Asker: 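My questions all concern the structure below.
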Amino acid sequence: MLQHGWRQKSTHGLSRTVHAQIFSRRWRMLNLFAEDEKPMPKASDTGTFDPQDSRNACIGPALVTWFLGHQRPLPWRRHYDPYAVWISEIMLQQTQMSKVVPYFERWMKRFPNVQAVAEAPLDALLQAWEGLGYYRRVHHLKAAAQQIMAQHGGKLPFDEASLRRLPGIGPYTAAAVASLAFGRPVVVLDGNAQRVSARLLDWPAPVKEARSLKVLRQALEHWMPSGHAREFNQAVMELGALICTPRNPRCVQCPVCAWCRAYAAKTVASRPVMSGRPLTEAVTVAVGVLCDNGKVFIQKRPPEGLMAGLWEFPGGKAQKGETPEGALRRELAEELGVTVSITEKITEIRHAITRFRLHLHAFRCVLNPPEQSIRLRVATEGRWVPVDALDGYAFPSANRRLIRLLQSAGEERR
DNA sequence: GAGTCGTGGAA
DNA sequence: TTTCCAAGACT
């Protein structure tokens, strides 16, 4: 149960003396800096961050205090082991907490350290990742692990710049690992931090613009109590995930709503200002379950691009005016160099991926004539596999749904 | 700066 | 049913 931590406690978790030191020092620094600049305009007029605003003093300590009392118990929050923090942050990229936790537990059991990732076959890593999406993260993870073994003696580097050089670690993840695992005084600026800070400032411009990000970062840096980067950064993100949500934020439970400009201006619902999203597109796809002697044919996708390195059933998009059956025949001729007979419509599956809404038509089919050799055109590898053995390969989510159907149909037959 | 790259829960 | 979008990185 979430509560009003800051209202119930008469003092913060940090002492008032510490607060006074923190903020007097920060203000002095900002004042010194400001002497060379033009006078700071009022934030409400121009949409700039005003470090002199009295509301700033309370925000950081209130967030940290709230986090210490309301944080969710997560596996990597026990010891903040750098390897565990790294893995969790990669998994959490564009992926919700509830989905990540079970994957994280399984991953840590199977790959307990950097060396295990560096030495594992890519297929094993992809299988552990199946269903999480953004599979390029796995390729980067393995490359980064090998780099850490070679250049850092198997230990994560502790400074932002070194972390940033590792594949798959960008500005956010470098700051997250540096602050959460190593206590470095850097702010994270993920989607949560952008939303929370944009609301606290009632920021009127699109948050993704470079100009906005610069100001939001400046505000967060000002709010962060020195020596508490780990707690502050997680507090901002935890608040964004639990309270300051994109839709229907729970302002009555928010520990900083007293100092929130959007709340005061009743503009919370229209903050942050988001730029337009790309339009979605409907696509019809034909998928072939090519059967021969109790086995089915699967192929491995190229190491770059969509679903890189995952296995799949052959098939592809239907062109305009083309039936799913026609598309399947054409695709199998193009991808495998064979002609087939379609023996059965298995199912239809609707599935969304990136900006496409897929309508998959799955067919059972056989080679006709039977004696043909498959020549792969796009895939890097092809195999004939018993349906029950498909669990040993990493498939995209829609393919996996089809496999479950095949397996349950096979069981009924027995 | 704008596209690409997954998935599924929530409204 | 459709739309939104989550602890981003890379090109």
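Note that this is a predicted model, so its numbers are computed, not measured. Lettering follows sequence order; numbering is per chain, from 1.
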Asker: Which listed nucleotide (C:dT3, B:dC5, C:dC10) is nearest to the side chain of A:R164?
Answerer: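 For the A:R164 side chain, the nearest candidate turns out to be C:dC10.
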Asker: Could you tell me whether A:P396 contacts a base, only the sugar-phosphate backbone, or nothing, with contacts defined as non-hydrogen atoms closer than 4.0 Å?
Answerer: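 A:P396: backbone/sugar contact only, no base atoms under 4.0 Å.
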Asker: Counting any heavy atom closer than 4.0 Å, what does A:A210 reach on the DNA or RNA strands: base, sugar-phosphate only, or nothing?
Answerer: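 It contacts sugar-phosphate atoms only.
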Asker: Can you see whether A:D81 engages A:W76 through a side-chain donor-acceptor pair at a distance of less than 3.5 angstrom?
Answerer: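 No, A:W76 and A:D81 have no side-chain donor paired with an acceptor closer than 3.5 Å.
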Asker: Can you tell me which nucleotide in B:dG6, C:dA6, C:dC4 comes closest to the side chain of A:R247?
Answerer: C:dC4
Asker: Indicate, with a heavy-atom threshold strictly under 4.0 Å, whether A:I353 touches base, sugar-phosphate, or nothing.
Answerer: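 Base contact.
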Asker: Within less than 4.0 Å of OP1 or OP2 of C:dA9, is there a side-chain N or O belonging to A:T173?
Answerer: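 It does, given that an N or O in the side chain of A:T173 lies less than 4.0 Å from OP1 or OP2 of C:dA9.
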Asker: B:dC5, C:dA6, C:dT3: which one has an atom nearest the side-chain heavy atoms of A:Q96?
Answerer: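 Ranking B:dC5, C:dA6, C:dT3 by closest atom to the A:Q96 side chain puts C:dA6 first.
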Asker: Choosing from B:dG6, C:dA6, C:dA9, which nucleotide comes nearest the side chain of A:T95?
Answerer: B:dG6
Asker: Counting heavy atoms from C-beta on, name the nucleotide in B:dT7, C:dA7, C:dA9 closest to the side chain of A:Q93.
Answerer: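 Looking only at heavy atoms from C-beta outward on A:Q93, the closest nucleotide is C:dA9.
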Asker: Whole angstrom is fine here: how far is it from CD in A:E304 over to P in B:dC5?
Answerer: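 Roughly 11 Å, once rounded to whole Å.
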Asker: Pick base, sugar-phosphate or nothing for A:E238, based on heavy-atom distances below 4.0 Å to the nucleic acid.
Answerer: base
Asker: Could you measure between the two P atoms, the one in B:dG3 and the one in C:dC4, and give it in whole Å?
Answerer: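 16 Å, rounded to whole Å.
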Asker: Let's see if you can work this out: which of B:dG6, B:dT4, C:dA7 has an atom nearest to the side-chain heavy atoms of A:R355?
Answerer: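 Of the options given, the side chain of A:R355 lies nearest B:dT4.
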Asker: Roughly, in whole Å, what's the span from CE in A:M237 to P in C:dG8?
Answerer: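 Going from A:M237 (CE) to C:dG8 (P), I get 9 Å.
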Asker: Taking for each residue the nucleotide of DNA chain B bearing the nearest heavy atom, is the 5' side occupied by A:R211 or by A:Q94?
Answerer: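 First, find each residue's nearest nucleotide; the 5'-ward one identifies A:R211.
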Asker: Looking at side-chain heavy atoms only, is the closest gap between A:D391 and A:R400 below 4.5 Å?
Answerer: yes
Asker: Between C:dA9 and B:dG8, how many Å separate the two P atoms, rounded to a whole number?
Answerer: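 Nearest-Å result for C:dA9 against B:dG8 at atom P: 22 Å.
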Asker: Taking A:K99 for its side chain and A:G131 for its backbone only, find out whether a donor-acceptor pair lies under 3.5 Å.
Answerer: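 Here the side-chain-to-backbone pair exists.
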Asker: In whole angstrom, give me the gap between the P atoms of B:dT4 and C:dA7.
Answerer: 23 Å
Asker: Can you check the A:R350 CZ to B:dG8 P distance for me, whole Å?
Answerer: 17 Å
Asker: Taking atom P of C:dA7 as reference, at what distance in whole Å does atom CD of A:Q194 sit?
Answerer: 11 Å
Asker: Taking for each residue the nucleotide of DNA chain C with the nearest heavy atom, is it A:M274 or A:G170 whose nucleotide lies nearer the 5' end?
Answerer: A:M274
Asker: Looking at every strand, decide which applies to A:A352 at a 4.0 Å heavy-atom threshold: base, sugar-phosphate, or nothing.
Answerer: base
Asker: Base, sugar-phosphate, or nothing for A:R400, non-hydrogen atoms under 4.0 angstrom?
Answerer: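 Answer is nothing: A:R400 stays at 4.0 Å or more from every strand.
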Asker: Looking at side-chain heavy atoms only, is the closest gap between A:P204 and A:R271 below 4.5 Å?
Answerer: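 Yes, side chains in contact.
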Asker: Tell me, do A:R199 and A:Y263 make a side-chain contact under 4.5 Å, heavy atoms counted?
Answerer: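 No, side chains not in contact.
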Asker: Could you tell me how far apart A:K99 (NZ) and C:dA6 (P) are, to the nearest whole angstrom?
Answerer: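 A:K99 atom NZ is separated from C:dA6 atom P by 16 Å.
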Asker: Residues two or more places apart in sequence or in another chain: which of them pass side-chain hydrogen bond (donor to acceptor under 3.5 Å, both in side chains) with A:H351?
Answerer: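 With neighbours one apart ignored, the set is empty.
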Asker: Looking only at the side chain of A:N248 (C-beta and beyond, no hydrogens), which of the listed nucleotides C:dA7, B:dA11, C:dA6 gets closest?
Answerer: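 Given the options C:dA7, B:dA11, C:dA6, the side chain of A:N248 is closest to B:dA11.
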Asker: I want to check something: taking the side chain as every heavy atom from C-beta on, are A:L141 and A:W86 in contact at a cut-off of under 4.5 Å?
Answerer: yes
Asker: Using the closest heavy atom to pick a nucleotide of DNA chain B for each, name whichever of A:S397 or A:E209 lands nearer the 5' end.
Answerer: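 Nearer the 5' end of the strand: A:E209.
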Asker: Donor-acceptor pair, A:R330 side chain versus A:A318 backbone, under 3.5 Å?
Answerer: no
Asker: Tell me: NZ of A:K208 to P of B:dG3, nearest whole Å?
Answerer: 15 Å
Asker: Taking DNA chain B as the partner, which of residues 126-149 of chain A come within under 4.0 angstrom of it by heavy atom?
Answerer: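 Hits under 4.0 Å, by residue number: A:G131, A:L132, A:G133, A:Y134, A:Y135, A:R136.
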Asker: Tell me the interatomic distance from A:R165, atom CZ, to C:dA9, atom P, rounded to whole angstroms.
Answerer: 16 Å
Asker: Within the 4.5 Å heavy-atom criterion, are A:L306 and A:I353 side-chain neighbours or not?
Answerer: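 With C-beta onward as the side chain, the pair touches.
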Asker: Calculate the interatomic distance between A:M97 atom CE and C:dA6 atom P; express it in whole Å.
Answerer: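 Checked: the CE to P distance equals 14 Å.
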